[in-house]
Structures are given as structure tokens and as C-alpha cells.
Amino acid sequence: MSRAPSPLEVALGGSRNGLQTEFAFELPRGYVDEEDTVHREGVMRLATARDEILPLRDPRVRENEAYLTVLLLSRVLTQLGTLSAVTPAVIEGLFASDLAFLQDLYARVNQEGHTRAAVICPACNHEFAVDVAGGRLGGQ
């Protein structure tokens with residue numbers, strides 16, 4: 001008989017089914033759309049092999065390898081604020097700090113399967129986990 005995850009486990013990415021495929025996040029600055037609305041909260045799903053292979057055929061990636069990041073993120077971000085879709089143009093319009101945040105989150109969830117990072121308090125040496133996705137405990 002399996003136990004239900006604690007509220008802390010849920011807030012830090014625990015899953016009752018054992019596999020979490022979507023990860024909520026909050027951008028440090030936020031995407032500003034044409035109406036000056038700031039979109040900060042979003043959802044990233046795990047990448048598939050197809051997500052990583054198909055953009056390699058895109059001519060924009062052939063011209064500039066860095067564009068691969070734009071296409072990858074536009075494929076795996078399923079939600080960003082109230083935007084109807086996360087397109088490559090949206091990713092291009094992100095602040096550099098938000099792009100770096102999403103690149104780190106992408107690597108973390110696709111390599112490690114979670115958004116937690118182990119940290120140690122420098123004052124008391126207490127070890128604990130923080131959610132680098134920016135979510136607030138108790139909130140989804």
C-alpha cells in the first residue's frame with residue numbers, strides 16, 4: 001500500500017502516479033505582450049525525442065544553432081499566463097534572464113525529472129530542497 005505524498009512533496013514536484021510530466025513555474029521577470037500584460041506563470045512538459053529531433057530540420061536552426069533553444073521551448077511550454085499559444089515569437093520576446101531560467105528548468109526537468117535543488121543553509125548547515133521553478137508552497 002502506497003502512502004499519499006505530503007504537501008511538501010506535492011509542492012516540490014511529487015507525483016502520486018510516480019511520473020510527473022508537467023511542471024509549473026514562475027518567470028523571474030515575465031513576458032510582456034503587445035498590450036503590456038505581464039505573463040509570469042506557466043507550465044512546461046517533459047520533452048519527447050520528437051521535440052528534440054524535429055527542430056533540427058528547421059532552416060532557422062541550420063543558420064543559427066542557438067535558435068534550437070527557441071524552438072524547443074516553444075514546443076514544451078504548454079502555458080504561459082493567459083496566452084493562447086507559446087510560439088517561437090513569444091520565446092524570442094522573453095527577457096534574457098527569463099530565457100536563461102527556462103533553459104535551466106528545461107535541463108533540470110528533462111535530465112533529473114524534477115525542479116528541486118538541494119541546498120544547505122550557510123548559517124546552520126541545515127540541508128533542504130527548494131523548488132527552482134519559483135512555485136509557492138501550497139499553491140498550484
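Please read these numbers as outputs of a predicted model, since none were measured by experiment. Computation of the quantities below employed the complete heavy-atom set of this structure, encompassing side-chain atoms and omitting hydrogens, waters and symmetry-equivalent molecules.
- Across every non-hydrogen atom of L80 and V86, the tightest pair is CB-CG2, 3.8 Å.
- Within the 4.5 Å cutoff, side-chain heavy atoms of M44 are placed close to those of L73.
- Among residue pairs with one or both ends in residues 63-87, those qualifying as salt bridge (charged side-chain N to carboxylate O under 4.0 Å, His left out) are D51-R75; sequence neighbours excluded.
- With R40 contributing its side chain and L27 its backbone, the two residues share a donor-acceptor pair below 3.5 Å.
- Residue pairs satisfying the salt bridge (charged side-chain N to carboxylate O under 4.0 Å, His left out) criterion with at least one member in residues 76-96, sequence neighbours excluded, are absent.
- Separation of atoms CG (L105) and CG (D98) is listed at 11.5 Å; rounding is to 0.5 Å.
- Atoms CG and CG, on L56 and L72 in that order, are 8.0 Å from each other to the nearest 0.5 Å.
- Rounding to the nearest 0.5 angstrom, the gap separating the OG1 atom in T48 from the CZ atom in R50 is 7.5 Å.
- Using a 4.5 Å cut-off on side-chain heavy atoms (C-beta onward), L102 and F25 make contact.
- Closest approach of V38 and G30 over heavy atoms only: CG1-CA, 4.0 Å.
- Remark: R29 CZ to F95 CZ distance equals 7.5 Å, nearest 0.5 Å.
- V90 is not listed as a side-chain neighbour of S74, based on a closest heavy-atom distance of 4.5 Å or more.
- By the 4.5 Å heavy-atom criterion applied to side chains, L46 and F23 are counted as neighbours.
- Residues V76 and N110 are not in side-chain contact: their nearest non-hydrogen atoms beyond the backbone lie 4.5 Å or more apart.
- Taken to the nearest 0.5 Å, the CZ atom of F101 stands 11.0 Å off from the CG atom of L94.
- By the 4.5 Å heavy-atom criterion applied to side chains, Q103 and L99 are counted as neighbours.
- Grouping Ile, Leu, Val, Met, Phe, Trp and Tyr residues whose side-chain heavy atoms lie under 4.5 Å apart, directly or via other members, leaves V43 alone, with no other cluster members.
- The two residues L68 and P55 come nearest to each other via the heavy atoms CD1-CB, 3.6 Å.
- A heavy-atom distance below 4.5 Å is found between the side chains of H39 and T82.
- For S97 against P28, the heavy-atom pair with the smallest separation is O-CG, 4.4 Å.
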